Amino acid sequence: MNWTRYFIPTTKEVPADAFVPSHQLMLRAGLIRQVGSGAYTYLPLGYRTLRKIEQIVRDEMNAAGAIELHMPAMHPIEWWEQTGRVAAMGDVLLRLQGRGEDWRSRTVLGPTHEEVITELARAYLVSYKQLPINLYQIQTKFRGEARPKSGVLRTREFLMKDAYSFHERVEGPGGLNETYQRMYDAYRAIFGRCGLPYVPVEAESGAIGGSVSHEFMVPTDAGEDILVRAADGSYAANLERAEVAPLPDAGDGRHEPLREVHTPGHGTIEEISRFLGCTPQKLIKTIIYEANGEPLVALVRGDHEVNEAKLARAAGVRGVTQASPELIRQVTGAEVGFAGPVGLQARIIADRVVTTMHDAVTGANKTDYHVTGVNPGRDFALTEVADIRLAMEGDRAPNGQPLRFEKCIEVGHVFKLGTKYSDAMSATYLDAQGQAHPLIMGCYGIGLNRIMAAAIEARHNDKGICWPVAIAPFHVVICALDVRDESVLATARRLHDELEAAGVEVLLDDRDARPGFKFNDADLIGFPLRINVGKRSLGDGVVELAVRKSGEVRKLPPAETVSAVTGLLKTLLEQERT
RNA sequence: CGGGGCGUGGCGCAGUCUGGAAGCGCGCCUGCUUUGGGAGCAGGAGGUCGCAGGUUCAAAUCCUGUCGCCCCGACCA
């Protein structure tokens, strides 16, 4: 391919709207162009990379025994009503607008495909003899994201590989656990081939439902999630999920009597600790939530934060929301800021750390008053105790290893769904005894656009992108340094043709431009290898072969170039696998 | 949805406060020179200043409304 016949709109200047490196570089390198908020055109170079990622995903899914199909983006809303997700997804679920009961009004754009695949299963997966089976697609998803951001990292339209498996059982041969593990391993292979420094972590399953899930994270500052992992790699989890080792008993109490103190207008942890001259660690933070229409009170140490996902799990509810000021006043009989567990008539779940506190300070359930000398167990019952707080700097993993915190991008997620969707949509199969049972399901997603952005985030420098060979738009760029010089152009063209014949993806930069200009574009786009053909080196009978990632440059005769390139590409491909 | 910022040639920006001929840089086109890390000179094309009302002799600039985009937060299968 000749550069002048291709379509590569690179720019020197950094677009003002782009902040994260992958977004800036994708725009500058001419990989994407924004169409609207959260919607991007993939330009030819960017689309080549996206297709390569797609092919890697497809290869590994097929190798893992999954079967490809293709579902539509338009779904009948009835199916979403059956699973209750019209309400659960809210504005994220995009709907077509029509007049009255026009078909458009009954159509949604799929943000994911559990409903469509479950309906398919209900229709066709009727016998245990057909199980297990794992079906997948690579397809465009639509989501009404409130705030798309960071280039292609969070968009309203994106390419996803979603797979759904169906089983008779969880354990044993053909069970959900077996396929889940196969998908987990396939994901390792996929992200490995893409050269991503990925970390599999325990995750919350969120509104998709199900019990167990793992996410595949790529650490980078551009990410929105927090990865919590042990220094030695023995533990890794999403912050939403991360468990912490219990803290030792502070042992600093003398079991003072309860005393009510006047704390006018001091309702926050910071104000109270300053007013009373104590550390936030001496306070018991009392937060009122609402779950299933009932108040739910969470207690954590003053310097800790409630992890709402953990709280919901400990409470055995689907989710919790912070209580309204009215509800707080109703439960505590006081203004917001003066809640405490002593004498409180509500369901209370205490964080484990609370059981180690002595002579603590809490709200008095009376406006402008707190109580000191609070001793859990003595002054209020510890009926429910659980790990309900967010992990924080200084915490240790359950196995005792110190924890580190990093921002990261989620590139894949695997779930054990169980029978959530098959129950809701009555998708059953008949066992050998002719008994009907709901299908047991798993689902497995990968964000292809995110792989592309994450790869750039993880592999770039001040000059531009450093593509891994496996997903580079072209393997090699040949820079003809003076296209008006006949021997230069002839040599460059010959090398181009020979490389192409050898199966190498090669782009010939045949623009009539100065060398520095071409080098900068080549570095910006990040071709793994660059061949320089110029008068100067050609005079010595050689061309130069430069490696983008290392900056290493070899001089070699044109006749040896093809074998050097194919050898180098093979080596890089192996080295870059993570 | 709350807070903040921004809409001016393809891209990056100035001009808006204080109304009075739409500018600069990059890129693009033509010609000549130049060719190993974003070349030089000369000439040239390209913008109803997001949109709609209003005020005014006169609006990119002031007022009202509206749409869009970005950032922070909330939310996030």
Side-chain angles (χ1 to χ4, degrees), chain A residues 9-20 23-24 27-28 30 33-40 80 83-86 88-94 108 110-115 117 141-151 153-156 158 160 162 164 203-210 213 215 224-225 238 240 308-309 319 321-322 410 412-415 417 420-421 443-447 462-464 479-485 488-489 509 511-524 530-540 543-544 546 551 553 555:
Chain A
T10 60
T11 65
K12 196 153 57 174
E13 285 174 303
V14 181
D17 284 345
F19 290 83
V20 305
H23 190 198
Q24 293 180 337
L27 288 167
R28 285 193 56 213
R33 176 165 174 88
Q34 183 171 20
V35 171
S37 185
Y40 290 86
W80 285 80
T83 60
R85 288 212 293 178
V86 174
M89 304 218 41
D91 288 341
V92 172
L93 187 64
L94 291 172
V108 304
T112 172
H113 280 67
E114 281 79 9
E115 280 76 4
I117 199 82
K141 297 290 185 272
F142 297 88
R143 294 186 186 180
E145 288 290 351
R147 190 155 86 83
K149 58 182 290 197
S150 306
L153 283 176
R154 185 165 207 84
T155 54
R156 293 191 174 135
F158 57 96
M160 185 176 189
D162 46 326
Y164 306 88
E204 269 304 319
S205 23
I208 257 221
S213 87
E215 288 168 322
E224 305 182 80
D225 290 296
N238 190 313
E240 293 170 341
E308 294 178 2
T321 53
Q322 295 223 9
E410 174 195 351
H413 202 157
V414 291
F415 297 85
L417 285 179
K420 175 177 168 167
Y421 295 93
C443 78
Y444 319 94
I446 290 180
D462 58 332
K463 289 181 175 300
C479 288
L481 296 186
D482 184 348
V483 292
R484 297 185 199 181
D485 185 292
V488 166
L489 194 58
D509 189 347
R511 294 176 296 177
D512 184 10
R514 297 169 69 89
F517 183 85
K518 296 187 174 194
F519 294 156
N520 282 317
D521 264 355
D523 289 344
L524 174 62
R530 185 181 78 222
I531 295 169
N532 298 334
V533 181
K535 266 189 290 199
R536 206 164 77 185
S537 48
L538 220 47
D540 301 330
V543 298
E544 288 148 359
V553 181
K555 290 178 191 293

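Everything quoted here is computed from the prediction, not taken from an experiment. We name chains A, B, ... by the order of the sequence lines, and we start the count at 1 in each one.
- Side-chain contact check for T11(A) and E13(A): no donor-acceptor pair (N or O, by modelled atom type) lies under 3.5 Å.
- Looking at residues two or more places apart in sequence or on another chain, you find a side-chain contact (heavy atoms from CB on, under 4.5 Å) between F142(A) and A73(A), L94(A), L109(A), T140(A), E157(A).
- By the side-chain contact (heavy atoms from CB on, under 4.5 Å) test, V14(A) pairs with Q24(A), R28(A), sequence neighbours left out.
- Ranking C72(B), C69(B), C13(B) by closeness to the K149(A) side chain, first place goes to C72(B).
- To the nearest whole angstrom, the two P atoms, one in G7(B) and one in C49(B), are 15 Å apart.
- A59(B) sits 16 Å from G50(B) when the C1' atoms are compared, rounded to a whole Å.
- A salt bridge is absent between D482(A) and R484(A); no separation between the charged side-chain nitrogens and carboxylate oxygens falls under 4.0 Å.
- Residues satisfying the side-chain contact (heavy atoms from CB on, under 4.5 Å) test with V92(A), not counting sequence neighbours, are M89(A), R143(A).
- Across all strands, Q34(A) comes closer than 4.0 Å only to sugar-phosphate atoms, never to a base (heavy-atom distances).
- Applying the Watson-Crick and G-U wobble criteria (two distances, each under 3.5 Å), C62(B) pairs with G54(B).
- G20(B) and A39(B) have their C1' atoms separated by 41 Å, given to the nearest Å.
- Atom CD of E410(A) is separated from atom C1' of C75(B) by 15 Å (rounded to the nearest Å).
- Every residue two or more places apart in sequence or in another chain that forms a side-chain hydrogen bond (donor to acceptor under 3.5 Å, both in side chains) with N238(A) is listed here: E215(A).
- Base-pair partner of U30(B): A42(B) (Watson-Crick or G-U wobble, both distances under 3.5 Å).
- Comparing G53(B) with C11(B), their C1' atoms are spaced 32 Å from each other, to the whole Å.
- Under the rule for a side-chain hydrogen bond (donor to acceptor under 3.5 Å, both in side chains), the partners of K555(A) that lie at least two apart in sequence or sit in another chain are E544(A).
- When both distances must be under 3.5 Å, the Watson-Crick or G-U wobble mate of C1(B) is G73(B).
- Spacing between C63(B) and A21(B) at atom C1', rounded to whole Å, works out to 25 Å.
- Nucleic acid contact for A16(A): sugar-phosphate only, since backbone atoms but no base atoms lie under 4.0 Å from a heavy atom of the residue.
- Remark: G7(B) base-pairs with C67(B). Criterion, Watson-Crick or G-U wobble with two distances under 3.5 Å.
- Residue contacts shown for S150(A) are limited to sugar-phosphate atoms, with no base heavy atom under 4.0 Å away.
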Atom pairs under 3.5 Å, N or O on each side, protein against nucleotides 2-6 of chain B: can you list them with distances?
none

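- For the pair S213(A) (side chain) and A203(A) (backbone), a donor-acceptor distance under 3.5 Å is present.
- With the nearest nucleotide of RNA chain B identified for both V14(A) and A18(A), V14(A) has the one nearer the 5' end.
- U18(B) sits 40 Å from C29(B) when the C1' atoms are compared, rounded to a whole Å.
- One N or O on the side chain of K518(A) and one on the backbone of A480(A) form a donor-acceptor pair closer than 3.5 Å.
- By the side-chain contact (heavy atoms from CB on, under 4.5 Å) test, D523(A) pairs with K463(A), R530(A), R548(A), sequence neighbours left out.
- Taking the nucleotide of RNA chain B with the nearest heavy atom to each of V35(A) and K141(A), the more 5' of the two is matched to V35(A).
- Atom CZ of F19(A) is separated from atom P of C69(B) by 16 Å (rounded to the nearest Å).
- Proximity of Q322(A) to the phosphate of A74(B): no side-chain N or O atom is located under 4.0 Å from OP1 or OP2.
- Within the nucleic acid shown, F158(A) comes within 4.0 Å of at least one base atom, counting heavy atoms only.
- Comparing G9(B) with C51(B), their P atoms sit 10 Å apart, to the nearest whole Å.
- Taking atom P in both C62(B) and C17(B), the straight-line distance is 5 Å, to the nearest Å.
- Checked by distance alone, E13(A) brings a side-chain donor or acceptor within 3.5 Å of a matching partner on the base of G25(B).
- Remark: E145(A) engages R154(A) in a side-chain hydrogen bond (donor to acceptor under 3.5 Å, both in side chains) (not counting sequence neighbours).
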Nucleotides 34-40 of chain B: protein proximity per nucleotide (B base, S sugar-phosphate only, - neither; heavy atom, under 4.0 Å): BBBBBB-

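- Base pairing of G12(B): its partner is C24(B), meeting the Watson-Crick or G-U wobble criterion (both donor-acceptor distances under 3.5 Å).
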